Amino acid sequence: MTIRLLYFAWVREKLGRSEEIVTLPPEITRVDALMAWLAGRDDVHADVFGRPGVIRAAIDQVHAQPSASIAGAREIAFFPPVTGG
Amino acid sequence: MTIRLLYFAWVREKLGRSEEIVTLPPEITRVDALMAWLAGRDDVHADVFGRPGVIRAAIDQVHAQPSASIAGAREIAFFPPVTGG
Amino acid sequence: MAVRVATADFDVSAEIAALTAGRTDIGAVVTFTGLVRGEAHGKSLASMTLEHYPGMTEAELARIETEAHARWPLQASLIVHRIGPLAPGDAIVLVVAASAHRHAAFEAAAFLMDYLKTRAPFWKKETATDGTGGWVDARDSDTSAEQKWQAGQ
Amino acid sequence: MAVRVATADFDVSAEIAALTAGRTDIGAVVTFTGLVRGEAHGKSLASMTLEHYPGMTEAELARIETEAHARWPLQASLIVHRIGPLAPGDAIVLVVAASAHRHAAFEAAAFLMDYLKTRAPFWKKETATDGTGGWVDARDSDTSAEQKWQAGQ
(Lines give C-alpha, C1' and ligand atoms only; values in the text may rest on other atoms or scores of the structure.)
Protein backbone atom coordinates (compact mmCIF):
# COMPACT_ATOMS: atom_id res chain seq x y z
CA MET A 1 0.00 0.00 0.00
CA THR A 2 1.41 3.35 -1.09
CA ILE A 3 0.30 6.36 0.86
CA ARG A 4 1.07 10.06 1.26
CA LEU A 5 2.11 11.23 4.74
CA LEU A 6 1.85 14.89 5.77
CA TYR A 7 3.45 16.56 8.79
CA PHE A 8 2.59 19.88 10.42
CA ALA A 9 3.95 22.30 13.05
CA TRP A 10 6.65 20.83 15.30
CA VAL A 11 6.14 17.35 13.85
CA ARG A 12 7.15 18.79 10.47
CA GLU A 13 10.08 20.69 11.97
CA LYS A 14 11.47 17.73 13.93
CA LEU A 15 11.21 15.38 10.96
CA GLY A 16 12.66 17.99 8.60
CA ARG A 17 10.02 17.40 5.94
CA SER A 18 6.41 18.38 5.30
CA GLU A 19 5.41 15.29 3.32
CA GLU A 20 6.57 11.99 1.87
CA ILE A 21 5.21 9.04 -0.07
CA VAL A 22 5.73 5.67 1.64
CA THR A 23 4.97 2.05 0.80
CA LEU A 24 3.58 0.25 3.84
CA PRO A 25 3.96 -3.43 4.64
CA PRO A 26 0.56 -5.18 4.47
CA GLU A 27 0.38 -5.77 8.25
CA ILE A 28 0.08 -2.02 8.89
CA THR A 29 -3.68 -1.53 8.95
CA ARG A 30 -4.35 1.02 11.71
CA VAL A 31 -3.14 4.51 12.65
CA ASP A 32 -1.38 3.28 15.80
CA ALA A 33 0.44 0.54 13.87
CA LEU A 34 1.57 3.12 11.31
CA MET A 35 2.90 5.32 14.11
CA ALA A 36 4.79 2.38 15.66
CA TRP A 37 6.22 1.53 12.25
CA LEU A 38 7.36 5.17 11.74
CA ALA A 39 8.80 5.26 15.29
CA GLY A 40 11.05 2.33 14.35
CA ARG A 41 12.83 4.26 11.61
CA ASP A 42 15.38 6.16 13.75
CA ASP A 43 15.80 8.14 16.97
CA VAL A 44 14.15 11.28 15.59
CA HIS A 45 11.07 9.33 14.48
CA ALA A 46 11.04 7.43 17.77
CA ASP A 47 10.97 10.77 19.60
CA VAL A 48 8.04 12.04 17.52
CA PHE A 49 5.92 8.89 17.10
CA GLY A 50 6.93 6.87 20.16
CA ARG A 51 4.77 8.76 22.65
CA PRO A 52 1.12 7.85 22.13
CA GLY A 53 -1.31 10.67 22.84
CA VAL A 54 1.16 13.44 22.05
CA ILE A 55 0.38 13.78 18.37
CA ARG A 56 -2.87 13.55 16.42
CA ALA A 57 -3.73 11.99 13.09
CA ALA A 58 -6.12 12.69 10.23
CA ILE A 59 -7.07 10.26 7.47
CA ASP A 60 -7.99 11.92 4.19
CA GLN A 61 -8.48 15.24 6.02
CA VAL A 62 -10.74 13.86 8.76
CA HIS A 63 -9.62 13.52 12.40
CA ALA A 64 -8.84 9.86 13.21
CA GLN A 65 -8.37 7.89 16.42
CA PRO A 66 -5.28 5.67 16.92
CA SER A 67 -7.51 2.63 16.42
CA ALA A 68 -8.86 3.86 13.05
CA SER A 69 -8.35 1.70 9.97
CA ILE A 70 -6.12 3.17 7.27
CA ALA A 71 -7.47 0.84 4.56
CA GLY A 72 -8.03 2.77 1.34
CA ALA A 73 -6.56 6.00 2.69
CA ARG A 74 -4.91 8.37 0.21
CA GLU A 75 -3.23 10.71 2.72
CA ILE A 76 -2.55 10.53 6.43
CA ALA A 77 -1.46 13.60 8.38
CA PHE A 78 0.31 13.79 11.76
CA PHE A 79 0.33 16.95 13.86
CA PRO A 80 0.25 18.28 17.44
CA PRO A 81 -3.07 19.21 19.07
CA VAL A 82 -4.43 22.21 17.18
CA THR A 83 -4.03 25.76 18.53
CA GLY A 84 -5.91 28.06 16.17
CA GLY A 85 -8.59 30.59 16.89
CA MET B 1 -45.48 66.66 48.64
CA THR B 2 -45.15 67.90 45.08
CA ILE B 3 -43.81 65.45 42.56
CA ARG B 4 -43.32 65.04 38.83
CA LEU B 5 -45.04 62.07 37.18
CA LEU B 6 -43.88 60.70 33.80
CA TYR B 7 -45.78 58.35 31.49
CA PHE B 8 -44.45 56.24 28.61
CA ALA B 9 -45.70 54.09 25.72
CA TRP B 10 -49.38 53.08 26.01
CA VAL B 11 -49.62 54.53 29.51
CA ARG B 12 -48.77 57.92 28.01
CA GLU B 13 -51.19 57.40 25.11
CA LYS B 14 -54.14 56.30 27.27
CA LEU B 15 -53.67 59.17 29.72
CA GLY B 16 -53.17 61.66 26.91
CA ARG B 17 -50.14 63.26 28.54
CA SER B 18 -46.44 62.51 28.95
CA GLU B 19 -45.95 64.25 32.30
CA GLU B 20 -47.60 66.28 35.03
CA ILE B 21 -46.78 67.85 38.38
CA VAL B 22 -49.02 66.70 41.24
CA THR B 23 -49.36 67.50 44.92
CA LEU B 24 -49.87 64.33 46.93
CA PRO B 25 -51.78 63.98 50.20
CA PRO B 26 -49.38 63.10 53.04
CA GLU B 27 -50.78 59.56 53.47
CA ILE B 28 -49.44 58.53 50.01
CA THR B 29 -46.01 57.13 50.90
CA ARG B 30 -45.52 54.12 48.61
CA VAL B 31 -45.68 53.38 44.87
CA ASP B 32 -48.77 51.17 45.22
CA ALA B 33 -50.60 53.83 47.23
CA LEU B 34 -49.76 56.40 44.57
CA MET B 35 -51.14 54.09 41.87
CA ALA B 36 -54.37 53.55 43.86
CA TRP B 37 -54.68 57.32 44.32
CA LEU B 38 -54.21 57.90 40.57
CA ALA B 39 -56.69 55.09 39.76
CA GLY B 40 -59.34 56.99 41.75
CA ARG B 41 -59.21 60.02 39.49
CA ASP B 42 -61.51 58.78 36.67
CA ASP B 43 -62.33 55.78 34.49
CA VAL B 44 -59.30 56.24 32.24
CA HIS B 45 -56.94 56.35 35.20
CA ALA B 46 -58.75 53.40 36.81
CA ASP B 47 -58.17 51.42 33.62
CA VAL B 48 -54.43 52.21 33.59
CA PHE B 49 -53.56 52.11 37.31
CA GLY B 50 -56.24 49.79 38.69
CA ARG B 51 -54.63 46.55 37.52
CA PRO B 52 -51.60 45.80 39.70
CA GLY B 53 -48.77 44.05 37.91
CA VAL B 54 -49.66 45.44 34.48
CA ILE B 55 -47.53 48.56 34.65
CA ARG B 56 -44.09 49.24 36.13
CA ALA B 57 -42.69 52.17 38.07
CA ALA B 58 -39.36 53.92 38.44
CA ILE B 59 -38.42 56.36 41.20
CA ASP B 60 -35.86 58.96 40.17
CA GLN B 61 -34.92 56.81 37.14
CA VAL B 62 -34.42 53.58 39.09
CA HIS B 63 -36.82 50.60 38.80
CA ALA B 64 -39.06 50.42 41.86
CA GLN B 65 -41.31 47.74 43.36
CA PRO B 66 -44.95 48.55 44.31
CA SER B 67 -43.91 48.48 47.97
CA ALA B 68 -41.10 51.04 47.48
CA SER B 69 -41.20 54.27 49.48
CA ILE B 70 -41.66 57.47 47.48
CA ALA B 71 -40.35 59.70 50.26
CA GLY B 72 -38.04 62.36 48.86
CA ALA B 73 -38.65 61.34 45.24
CA ARG B 74 -38.35 64.06 42.58
CA GLU B 75 -39.88 62.11 39.67
CA ILE B 76 -41.86 58.90 39.39
CA ALA B 77 -42.41 57.22 36.04
CA PHE B 78 -45.09 54.69 35.05
CA PHE B 79 -44.75 52.49 31.97
CA PRO B 80 -45.48 49.02 30.56
CA PRO B 81 -42.86 46.25 30.77
CA VAL B 82 -39.94 47.29 28.57
CA THR B 83 -39.52 45.89 25.04
CA GLY B 84 -36.24 47.25 23.69
CA GLY B 85 -33.27 45.39 22.22
CA MET C 1 -17.50 51.39 29.37
CA ALA C 2 -19.82 53.47 27.26
CA VAL C 3 -23.51 53.72 26.46
CA ARG C 4 -25.16 55.70 23.68
CA VAL C 5 -28.76 56.33 22.65
CA ALA C 6 -29.09 57.67 19.12
CA THR C 7 -31.32 57.88 16.07
CA ALA C 8 -28.29 57.30 13.80
CA ASP C 9 -27.13 53.85 12.68
CA PHE C 10 -23.85 52.41 13.98
CA ASP C 11 -20.84 50.80 12.32
CA VAL C 12 -19.72 47.60 14.06
CA SER C 13 -16.16 47.67 12.68
CA ALA C 14 -15.66 51.28 13.70
CA GLU C 15 -16.91 50.56 17.22
CA ILE C 16 -14.61 47.53 17.59
CA ALA C 17 -11.68 49.60 16.28
CA ALA C 18 -12.42 52.38 18.78
CA LEU C 19 -12.58 49.94 21.71
CA THR C 20 -9.39 48.09 20.79
CA ALA C 21 -7.26 50.97 19.44
CA GLY C 22 -3.73 51.00 20.84
CA ARG C 23 -4.37 48.00 23.10
CA THR C 24 -2.85 44.53 22.97
CA ASP C 25 -4.51 43.11 26.10
CA ILE C 26 -7.77 42.19 24.33
CA GLY C 27 -7.95 38.68 22.90
CA ALA C 28 -11.69 38.38 22.31
CA VAL C 29 -14.38 40.78 21.07
CA VAL C 30 -17.99 39.64 20.93
CA THR C 31 -20.63 41.82 19.29
CA PHE C 32 -24.39 41.44 19.23
CA THR C 33 -26.40 43.32 16.62
CA GLY C 34 -30.19 43.29 16.89
CA LEU C 35 -32.12 43.85 13.65
CA VAL C 36 -35.76 44.66 12.89
CA ARG C 37 -37.38 41.57 11.41
CA GLY C 38 -39.89 41.89 8.58
CA GLU C 39 -42.44 39.64 10.20
CA ALA C 40 -43.79 40.04 13.72
CA HIS C 41 -46.55 38.06 15.41
CA GLY C 42 -47.58 36.55 12.07
CA LYS C 43 -47.92 39.91 10.31
CA SER C 44 -45.73 41.70 7.80
CA LEU C 45 -44.11 44.70 9.46
CA ALA C 46 -44.14 48.11 7.75
CA SER C 47 -42.27 50.09 10.39
CA MET C 48 -41.40 50.31 14.05
CA THR C 49 -40.88 53.24 16.40
CA LEU C 50 -38.79 53.10 19.55
CA GLU C 51 -39.71 55.30 22.49
CA HIS C 52 -37.48 55.59 25.56
CA TYR C 53 -37.13 57.35 28.90
CA PRO C 54 -34.35 59.94 28.42
CA GLY C 55 -32.07 60.04 31.41
CA MET C 56 -33.19 56.75 32.91
CA THR C 57 -32.18 54.90 29.72
CA GLU C 58 -28.59 56.05 29.94
CA ALA C 59 -28.50 55.50 33.72
CA GLU C 60 -29.96 51.99 33.48
CA LEU C 61 -27.65 50.96 30.60
CA ALA C 62 -24.68 52.20 32.64
CA ARG C 63 -25.87 50.18 35.67
CA ILE C 64 -26.20 47.06 33.48
CA GLU C 65 -22.71 47.63 32.08
CA THR C 66 -21.26 48.12 35.59
CA GLU C 67 -22.87 44.84 36.66
CA ALA C 68 -21.28 43.02 33.68
CA HIS C 69 -17.84 44.42 34.58
CA ALA C 70 -18.33 43.24 38.18
CA ARG C 71 -19.12 39.71 36.97
CA TRP C 72 -16.51 39.23 34.21
CA PRO C 73 -12.98 40.54 33.60
CA LEU C 74 -13.79 42.89 30.73
CA GLN C 75 -11.28 45.21 29.07
CA ALA C 76 -14.00 47.25 27.37
CA SER C 77 -17.69 47.29 26.57
CA LEU C 78 -20.24 49.33 24.65
CA ILE C 79 -24.02 49.53 24.38
CA VAL C 80 -25.63 51.49 21.52
CA HIS C 81 -29.42 51.60 21.22
CA ARG C 82 -31.31 53.38 18.48
CA ILE C 83 -34.56 55.27 18.97
CA GLY C 84 -37.15 56.74 16.61
CA PRO C 85 -38.57 55.20 13.43
CA LEU C 86 -36.98 52.02 12.05
CA ALA C 87 -37.74 49.75 9.06
CA PRO C 88 -37.36 45.98 8.57
CA GLY C 89 -33.67 45.12 8.22
CA ASP C 90 -32.54 48.15 10.22
CA ALA C 91 -30.20 47.69 13.18
CA ILE C 92 -31.76 48.42 16.59
CA VAL C 93 -29.09 47.65 19.15
CA LEU C 94 -25.37 46.91 19.41
CA VAL C 95 -23.62 45.34 22.36
CA VAL C 96 -19.84 44.82 22.41
CA ALA C 97 -17.84 43.00 25.09
CA ALA C 98 -14.05 42.74 24.99
CA SER C 99 -11.96 40.52 27.24
CA ALA C 100 -8.65 38.69 27.32
CA HIS C 101 -10.48 35.39 26.77
CA ARG C 102 -13.48 34.36 24.75
CA HIS C 103 -15.80 32.84 27.34
CA ALA C 104 -15.92 36.04 29.40
CA ALA C 105 -16.65 38.08 26.26
CA PHE C 106 -19.43 35.71 25.11
CA GLU C 107 -21.08 35.51 28.52
CA ALA C 108 -20.86 39.24 29.19
CA ALA C 109 -22.38 40.11 25.80
CA ALA C 110 -25.27 37.66 26.35
CA PHE C 111 -25.77 39.03 29.87
CA LEU C 112 -25.82 42.64 28.62
CA MET C 113 -28.52 41.77 26.08
CA ASP C 114 -30.63 39.76 28.54
CA TYR C 115 -30.56 42.60 31.07
CA LEU C 116 -31.10 45.28 28.44
CA LYS C 117 -34.21 43.43 27.20
CA THR C 118 -35.85 43.38 30.64
CA ARG C 119 -34.50 46.53 32.34
CA ALA C 120 -33.64 49.27 29.83
CA PRO C 121 -36.66 51.60 29.39
CA PHE C 122 -37.37 51.22 25.68
CA TRP C 123 -40.76 50.47 24.13
CA LYS C 124 -41.46 49.32 20.58
CA LYS C 125 -44.55 50.33 18.63
CA GLU C 126 -45.14 48.36 15.45
CA THR C 127 -47.16 49.16 12.33
CA ALA C 128 -48.02 46.22 10.06
CA THR C 129 -48.37 46.55 6.30
CA ASP C 130 -52.15 46.04 6.73
CA GLY C 131 -52.29 49.21 8.83
CA THR C 132 -52.85 47.47 12.16
CA GLY C 133 -50.32 47.64 14.95
CA GLY C 134 -49.62 48.76 18.46
CA TRP C 135 -47.24 48.50 21.36
CA VAL C 136 -45.23 45.29 21.53
CA ASP C 137 -45.92 43.11 24.58
CA ALA C 138 -43.00 42.05 26.76
CA ARG C 139 -42.01 38.42 26.34
CA ASP C 140 -41.94 36.02 29.26
CA SER C 141 -38.86 34.38 27.71
CA ASP C 142 -36.94 37.63 28.20
CA THR C 143 -37.78 37.72 31.89
CA SER C 144 -36.70 34.11 32.35
CA ALA C 145 -33.45 34.86 30.46
CA GLU C 146 -32.70 37.64 32.94
CA GLN C 147 -33.66 35.48 35.94
CA LYS C 148 -31.18 32.81 34.78
CA TRP C 149 -28.33 35.25 35.56
CA GLN C 150 -29.84 36.17 38.92
CA ALA C 151 -29.87 32.48 39.84
CA GLY C 152 -26.14 32.48 39.11
CA GLN C 153 -26.25 30.03 36.22
CA MET D 1 -22.69 29.02 5.28
CA ALA D 2 -19.18 30.02 4.29
CA VAL D 3 -15.62 29.45 5.43
CA ARG D 4 -12.52 31.32 4.33
CA VAL D 5 -8.82 30.95 5.09
CA ALA D 6 -6.80 34.03 4.16
CA THR D 7 -3.72 36.08 4.93
CA ALA D 8 -5.73 39.31 4.52
CA ASP D 9 -7.56 41.04 7.38
CA PHE D 10 -11.37 41.08 7.48
CA ASP D 11 -13.95 43.81 8.02
CA VAL D 12 -16.67 42.82 10.50
CA SER D 13 -19.24 45.37 9.25
CA ALA D 14 -18.76 44.31 5.64
CA GLU D 15 -19.18 40.64 6.56
CA ILE D 16 -22.36 41.36 8.55
CA ALA D 17 -23.70 43.44 5.66
CA ALA D 18 -22.98 40.63 3.18
CA LEU D 19 -24.73 38.03 5.35
CA THR D 20 -27.83 40.16 6.00
CA ALA D 21 -28.18 41.96 2.63
CA GLY D 22 -31.71 41.89 1.26
CA ARG D 23 -33.04 39.79 4.15
CA THR D 24 -35.52 40.70 6.86
CA ASP D 25 -35.69 37.31 8.60
CA ILE D 26 -32.56 37.88 10.72
CA GLY D 27 -33.13 39.42 14.14
CA ALA D 28 -29.77 38.66 15.77
CA VAL D 29 -26.17 38.68 14.56
CA VAL D 30 -23.38 37.64 16.93
CA THR D 31 -19.74 38.07 15.92
CA PHE D 32 -16.61 36.84 17.61
CA THR D 33 -13.28 38.41 16.72
CA GLY D 34 -10.10 36.84 18.08
CA LEU D 35 -7.09 39.15 18.43
CA VAL D 36 -3.38 38.50 19.02
CA ARG D 37 -2.55 39.57 22.56
CA GLY D 38 0.74 41.31 23.31
CA GLU D 39 1.57 39.08 26.22
CA ALA D 40 1.63 35.29 26.10
CA HIS D 41 2.70 32.90 28.84
CA GLY D 42 4.25 35.76 30.81
CA LYS D 43 6.35 37.02 27.91
CA SER D 44 6.00 39.99 25.60
CA LEU D 45 5.06 38.78 22.13
CA ALA D 46 6.91 40.10 19.07
CA SER D 47 5.03 38.13 16.41
CA MET D 48 3.03 35.01 15.70
CA THR D 49 2.79 32.77 12.65
CA LEU D 50 -0.19 30.59 11.86
CA GLU D 51 0.33 27.35 9.96
CA HIS D 52 -2.58 25.24 8.72
CA TYR D 53 -3.45 22.10 6.77
CA PRO D 54 -4.77 23.31 3.40
CA GLY D 55 -7.77 21.31 2.32
CA MET D 56 -8.49 19.79 5.71
CA THR D 57 -8.86 23.26 7.25
CA GLU D 58 -11.66 24.24 4.89
CA ALA D 59 -13.27 20.78 5.14
CA GLU D 60 -13.16 20.77 8.94
CA LEU D 61 -14.49 24.34 9.26
CA ALA D 62 -17.35 23.40 6.92
CA ARG D 63 -18.11 20.32 9.06
CA ILE D 64 -18.15 22.48 12.21
CA GLU D 65 -20.46 24.97 10.50
CA THR D 66 -22.80 22.18 9.33
CA GLU D 67 -22.94 20.85 12.91
CA ALA D 68 -23.90 24.33 14.20
CA HIS D 69 -26.71 24.60 11.63
CA ALA D 70 -27.97 21.17 12.70
CA ARG D 71 -28.11 22.28 16.35
CA TRP D 72 -29.54 25.81 16.01
CA PRO D 73 -31.93 27.52 13.57
CA LEU D 74 -29.38 29.74 11.82
CA GLN D 75 -30.14 32.00 8.86
CA ALA D 76 -26.46 32.46 8.02
CA SER D 77 -22.96 31.89 9.34
CA LEU D 78 -19.36 32.64 8.46
CA ILE D 79 -15.92 31.55 9.64
CA VAL D 80 -12.83 33.50 8.54
CA HIS D 81 -9.40 32.43 9.81
CA ARG D 82 -6.16 34.19 9.00
CA ILE D 83 -2.85 32.43 8.35
CA GLY D 84 0.73 33.60 8.04
CA PRO D 85 2.56 36.20 10.17
CA LEU D 86 0.55 38.30 12.64
CA ALA D 87 1.48 40.99 15.18
CA PRO D 88 -0.01 41.87 18.59
CA GLY D 89 -3.37 43.57 18.11
CA ASP D 90 -3.99 41.86 14.76
CA ALA D 91 -7.23 39.98 14.19
CA ILE D 92 -6.85 36.18 13.87
CA VAL D 93 -10.33 34.79 13.48
CA LEU D 94 -13.90 35.90 12.84
CA VAL D 95 -17.02 33.88 13.51
CA VAL D 96 -20.49 35.21 12.65
CA ALA D 97 -23.81 33.55 13.49
CA ALA D 98 -27.16 34.99 12.38
CA SER D 99 -30.55 33.81 13.57
CA ALA D 100 -34.09 35.05 14.11
CA HIS D 101 -33.48 35.17 17.88
CA ARG D 102 -30.52 36.09 20.03
CA HIS D 103 -29.97 32.97 22.13
CA ALA D 104 -29.47 30.75 19.05
CA ALA D 105 -27.00 33.27 17.59
CA PHE D 106 -25.02 33.54 20.85
CA GLU D 107 -24.88 29.80 21.44
CA ALA D 108 -23.99 28.95 17.84
CA ALA D 109 -21.15 31.52 17.76
CA ALA D 110 -19.72 30.17 21.04
CA PHE D 111 -20.06 26.61 19.74
CA LEU D 112 -18.30 27.49 16.47
CA MET D 113 -15.36 28.97 18.39
CA ASP D 114 -15.12 26.09 20.86
CA TYR D 115 -15.08 23.53 18.05
CA LEU D 116 -12.73 25.58 15.90
CA LYS D 117 -10.25 25.78 18.81
CA THR D 118 -10.09 22.01 19.24
CA ARG D 119 -10.74 20.66 15.73
CA ALA D 120 -9.63 23.09 13.01
CA PRO D 121 -6.05 22.27 11.93
CA PHE D 122 -4.25 25.52 12.74
CA TRP D 123 -1.02 25.82 14.74
CA LYS D 124 0.43 28.98 16.27
CA LYS D 125 4.15 29.63 16.55
CA GLU D 126 5.10 32.54 18.77
CA THR D 127 8.24 34.66 18.90
CA ALA D 128 8.76 36.71 22.07
CA THR D 129 10.51 40.08 22.12
CA ASP D 130 13.45 38.39 23.91
CA GLY D 131 13.93 36.13 20.87
CA THR D 132 12.62 32.96 22.52
CA GLY D 133 9.51 31.23 21.29
CA GLY D 134 8.04 28.12 19.83
CA TRP D 135 4.86 26.28 19.06
CA VAL D 136 1.93 27.07 21.33
CA ASP D 137 0.68 24.16 23.44
CA ALA D 138 -2.99 23.23 23.28
CA ARG D 139 -4.98 24.26 26.32
CA ASP D 140 -6.91 21.74 28.38
CA SER D 141 -9.61 24.38 28.90
CA ASP D 142 -10.29 24.36 25.15
CA THR D 143 -10.85 20.61 25.17
CA SER D 144 -13.23 20.85 28.11
CA ALA D 145 -15.09 23.68 26.36
CA GLU D 146 -15.66 21.41 23.37
CA GLN D 147 -16.68 18.47 25.57
CA LYS D 148 -19.33 20.61 27.24
CA TRP D 149 -21.21 20.70 23.88
CA GLN D 150 -20.79 16.95 23.37
CA ALA D 151 -22.37 16.37 26.78
CA GLY D 152 -25.34 18.37 25.48
CA GLN D 153 -25.08 21.21 27.97
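Sequence lines set the chain letters: A, B, ... in the order given, protein chains first and strands last, and positions in each chain run from 1. This structure is a prediction, so every number in the text was calculated from the model and none was measured.
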Chain A shares the most heavy-atom pairs under 4.5 Å, among Lys125(D), Arg139(D), Lys117(D), with Lys117(D)

Quick check for you: to the nearest 0.5 Å, what is the distance between Arg119(D) atom CZ and Arg63(D) atom CZ?
8.0 Å

Applying a strict 4.5 Å limit to non-hydrogen atoms, the region of Arg12(A) in contact with chain D is side chain

Taking the ring of Trp123(D) and the ring of Phe8(A), is the distance between their centroids below 6.0 Å?
yes

With only heavy atoms counted, which part of Asp142(D) is less than 4.5 Å from chain A, the side chain, the backbone, both or neither?
neither

Per-pair distances, 0.1 Å, donor-acceptor, side chain in residues 82-96 of chain D, under 3.5 Å, sequence neighbours excluded:
from, atom 1, to, atom 2, distance (Å)
Arg82(D), NE, Thr7(D), O, 3.2
Arg82(D), NE, Ala8(D), O, 3.3
Arg82(D), NH1, Ala91(D), O, 3.0
Arg82(D), NH2, Thr7(D), O, 3.1
Asp90(D), OD2, Ala87(D), N, 2.8

What residues form a ring pair (Phe, Tyr, Trp, His ring centres under 6.0 Å) with Phe122(D), not counting sequence neighbours?
His52(D), His81(D)

Say whether, by atom type as modelled, one donor and one acceptor occur between the side chain of Arg56(A) and the main chain of Gly53(A) under 3.5 angstrom.
yes

Which residues from residues 66-85 of chain A are near chain D, with near meaning under 4.5 Å between non-hydrogen atoms?
Glu75(A), Ala77(A), Phe79(A), Pro80(A), Pro81(A), Val82(A), Thr83(A), Gly84(A), Gly85(A)

Check whether the ring centres of Trp37(A) and Phe49(A) lie less than 6.0 Å apart, and answer yes or no.
no

So which pairs with a foot in residues 126-136 of chain D pass salt bridge (Lys or Arg N to Asp or Glu O under 4.0 Å), sequence neighbours left out?
Lys43(D)-Asp130(D)

